Amino acid sequence: MACGFRRSIASQLSRVLDLPPENLIKSISAVPISRKEEVADFQLSVDSLLENSNDPVRPDIQVQAKKLAEKLKCDTVVSEISTGPGTVNFKINRELLTKAVLHQVIEDGSKYGLKSELFSGLSPRKVVVEFSSPNVAKKFHVGHLRSTIIGNFIANLKEALGHQVTRINYLGDWGMQFGLLGTGFQLFGYEEKLQSNPLQHLFEVYVQVNKEAADNKNIAKLAHEFFQRLELGDIQALSLWQRFRDLSIEEYIRIYQRLGIYFDEYSGESFYREKSQEVLKLLESKGLLQKTIKGTAIVDLSGNGDPSSICTVMRSDGTSLYATRDIAAAIDRMDKYNFDTMIYVTDKGQKKHFQQVFQMLKIMGYDWAERCQHVPFGVVQGMKTRRGDVTFLEDVLNEIRLRMLQNMASIKTTKELENPQETAERVGLAALIIQDFRGLLLSDYQFSWGRVFQSRGDTGVFLQYTHARLHSLEETFGSGYLNDLNTACLQEPQSVSILQHLLRFDEVLFKSSQDLQPRHIVSYLLTLSHLAAVAHKTLQIKDSPPDVAGARLHLFKAVRSVLANGMKLLGIIPVCRM
């Protein structure tokens with residue numbers, strides 16, 4: 001990829017440097033476009049070559065760059081060779097660049113950028129991604145949104161790279177809160193309310209029973225007994241719990257459909273209540289389990305009593321804890337999926353928890369614990385609806401749709417839409433996802449409705465608008481122009497900048513595949529949209545000679561295709577009209 005240009009440059013370099021081309025490919029990168037001047041297309045970092053040399057004396061890299069450039073020759077692919085600060089720069093033959101990039105984008109379709117030599121040697125793996133994981137019997141809290149969209153992005157990216165991905169939603173469906181909820185429903189629940197609005201009613205019951213339990217020790221005792229009955233498999237208690245779980249999943253699936261997200265497996269902590277007892281037995285057999293004065297069971301991961309390295313794995317009444325169930329789940333998934341990598345997507349507050357879980361798996365003798373990875377993320381602050389503090393995701397989705405409909409109604413260029421509600425929701429979700437993915441995942445960020453809905457600037461609305469606008473060009477001027485491509489008609493600076501930027505897509509995908517950060521793709525797509533906006537103004541199709549119009553339409557079609565590919569990876573459904 002990069003249309004074979006990188007490999008062609010590496011072949012010439014390998015003859016001069018006496019190194020295999022494979023060793024050079026990742027040192028050759030596409031040059032970021034510049035608004036001020038025309039830049040070369042590729043550059044070789046001389047520093048990265050010297051890092052691999054055994055010479056103890058580091059030579060002057062500028063001198064090395066010039067010496068190397070003098071040994072290289074222009075050919076049918078490279079039309080100009082120059083040097084920059086510590087780099088050798090390569091300019092590709094302009095007509096070849098145009099023809100190769102546009103041909104590759106159209107031919108590869110959704111696989112453009114993924115067939116690159118940067119990914120050569122990448123063998124398909126089995127990947128498990130655990131994400132979203134809301135708490136059963138509670139309405140879908142907005143706090144689970146980040147895990148949901150980040151996990152979906154990681155699963156999409158891994159799948160696009162050819163891996164076999166299993167998407168798991170590990171529900172919070174076990175634990176002491178079900179003791180409270182079961183007791184609360186027996187005391188304050190109404191069957192008809194549970195039928196009509198299950199999660200809202202269970203939320204109200206949960207709030208009420210918590211309030212009562214704070215003042216009434218007897219309710220706390222009843223809740224404890226209810227959870228013990230659950231752990232012991234009491235049929236009546238389990239039947240009530242199962243209803244809460246089934247009703248919750250129905251509600252969640254409806255919300256996931258709005259987000260365009262699916263799961264291969266709905267699992268949960270409840271699946272591992274028995275297997276967590278096996279974990280405790282295994283820890284005990286290895287001499288790792290210690291009983292405290294309070295009767296709880298702990299594992300000392302430091303081996304020397306360091307309080308920060310102590311992990312509690314069992315309550316004093318013998319019931320299991322979150323960590324024990326996570327260990328049982330990991331063992332079960334290895335048996336079931338034989339994964340090469342398992343990724344957990346949760347907030348950064350759980351960093352220590354996962355470090356302890358992975359460490360415990362290791363000391364239990366499971367070497368594959370090294371294949372487990374935690375992708376942590378920061379907190380969203382200030383997400384409120386017009387009614388005040390927001391708790392539930394559905395409120396946010398409804399607000400997004402409403403505000404977007406109002407925005408679209410106030411803009412004169414808005415087209416007549418078949419389904420304005422669906423379009424508003426898709427554009428609104430794009431806005432939400434781009435605001436979330438622009439920075440480092442680990443960073444906290446301040447949510448802003450004003451920034452989310454700007455139609456200009458670096459927003460999801462701008463991406464959707466660009467996509468719809470380019471789609472409209474194709475509809476207007478149609479297939480008549482898309483037959484022959486005269487590459488000589490695309491030599492304007494605006495065309496060249498777009499072609500150079502399209503060259504870089506594989507590098508951006510490679511970067512995101514390395515660190516699982518979506519921001520590289522977001523930044524790339526925003527730049528592509530800005531370049532397209534400038535080109536749309538200056539490179540007219542209407543009233544241009546047929547070969548010029550056709551070449552420009554080819555260029556805009558390639559931009560729309562790559563834009564759509566990138567948006568889909570991020571979990572955004574591109575709209576064709578807005």
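Everything numeric here is computed off the predicted structure, so don't read it as measured data.
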- For side chain to side chain contact (heavy atoms under 4.5 Å, CB included), just list the numbers for R167 and N156, CA-CA rounded to whole Å, side-chain angles, deciding distance to a tenth of an Å, and then say yes or no. CA-CA 10 Å; R167 300 157 186 254; N156 288 346; 2.9 Å; yes
- Verify the neighbour count for atom NE2 of H103: are there more than 12 heavy atoms of other residues, nucleotides or ligands below 6.0 Å? no
- Query: Atom OG in S523, atom CG in L528: separation rounded to 0.5 Å?
  - Reply: 11.0 Å
- Query: Is a salt bridge present between E22 and R7, judged by a nitrogen-to-oxygen distance below 4.0 Å?
  - Reply: yes
- Task: State which residues pass salt bridge (Lys or Arg N to Asp or Glu O under 4.0 Å) with D41; sequence neighbours excluded, sorted by chain then number.
- Result: R94
- Item | Salt-bridge contact R146-D436 (side-chain N to carboxylate O under 4.0 Å) | yes
- How long is the gap from CD on E507 to NE2 on H520, to the nearest 0.5 Å? 12.0 Å
- Message: Hydrogens and angles aside, do T346 and H374 bring a side-chain donor and acceptor to less than 3.5 Å of each other?
- Response: yes
- Message: With a 6.0 Å cut-off (strictly less than), is the heavy-atom count around CG of D18, excluding the residue itself, greater than 12?
- Response: no
- Determine, step by step, whether R125 and L161 satisfy the side chain to side chain contact (heavy atoms under 4.5 Å, CB included) criterion, reporting the C-alpha distance in whole Å, the side-chain angles of both residues, the deciding distance to 0.1 Å, and the verdict. CA-CA 10 Å; R125 302 275 180 174; L161 291 168; over 6 Å; no
- Message: Working to the nearest 0.5 angstrom, can you tell me the gap between L563 CG and L502 CG?
- Response: 10.5 Å
- Message: When you measure from the centre of the six-membered ring of Y445, is the NZ or CZ of R438 closer than 6.0 Å and no more than 45° off the axis?
- Response: no
- Return yes if some donor-acceptor pair links the side-chain N/O of Q517 with the main-chain N/O of S512 below 3.5 Å, else return no. no
- Query: Side chains of N169 and Y256: do they bring a donor and an acceptor to under 3.5 Å?
  - Reply: yes
- Task: May I ask you to check whether over 12 heavy atoms, not counting those of D367, lie within 6.0 Å of atom CG?
- Result: no
- Message: Taking CD in E475 as the centre, count heavy atoms belonging to other residues, nucleotides or ligands within less than 6.0 Å. Is the count above 12?
- Response: yes
- Message: Between S45 and D47, do the side chains contain a donor N or O and an acceptor N or O under 3.5 Å apart?
- Response: no
- Query: Using 4.0 Å as the upper bound for N to carboxylate O, is an ion pair formed by R426 and E422?
  - Reply: yes
- Item | Donor + acceptor pair across side chains of S495, E492 (<3.5 Å) | yes
- Task: Go through the steps for D347 and S147 under the test side chain to side chain contact (heavy atoms under 4.5 Å, CB included), then give the verdict.
- Result: CA-CA 7 Å; D347 69 84; S147 171; over 6 Å; no
- Could you grab the distance from atom CZ of R401 to atom CE of M404, nearest 0.5 Å is fine? 13.5 Å
- Message: My understanding is that only residues two or more places apart in sequence, or in another chain, count here; which of them pass salt bridge (Lys or Arg N to Asp or Glu O under 4.0 Å) with E107?
- Response: none
- Output the distance between atom OH (Y112) and atom CG (L509), rounded to the nearest 0.5 Å. 9.5 Å
- Task: Using the test salt bridge (Lys or Arg N to Asp or Glu O under 4.0 Å), find all partners of K336 that sit at least two apart in sequence or belong to another chain.
- Result: E265
- Report, as yes or no, whether the 6.0 Å neighbourhood of atom NZ on K99 holds more than 12 heavy atoms from other residues, nucleotides or ligands. no
- Query: S14 side chain to S11 main-chain N or O, any donor-acceptor pair under 3.5 Å?
  - Reply: yes
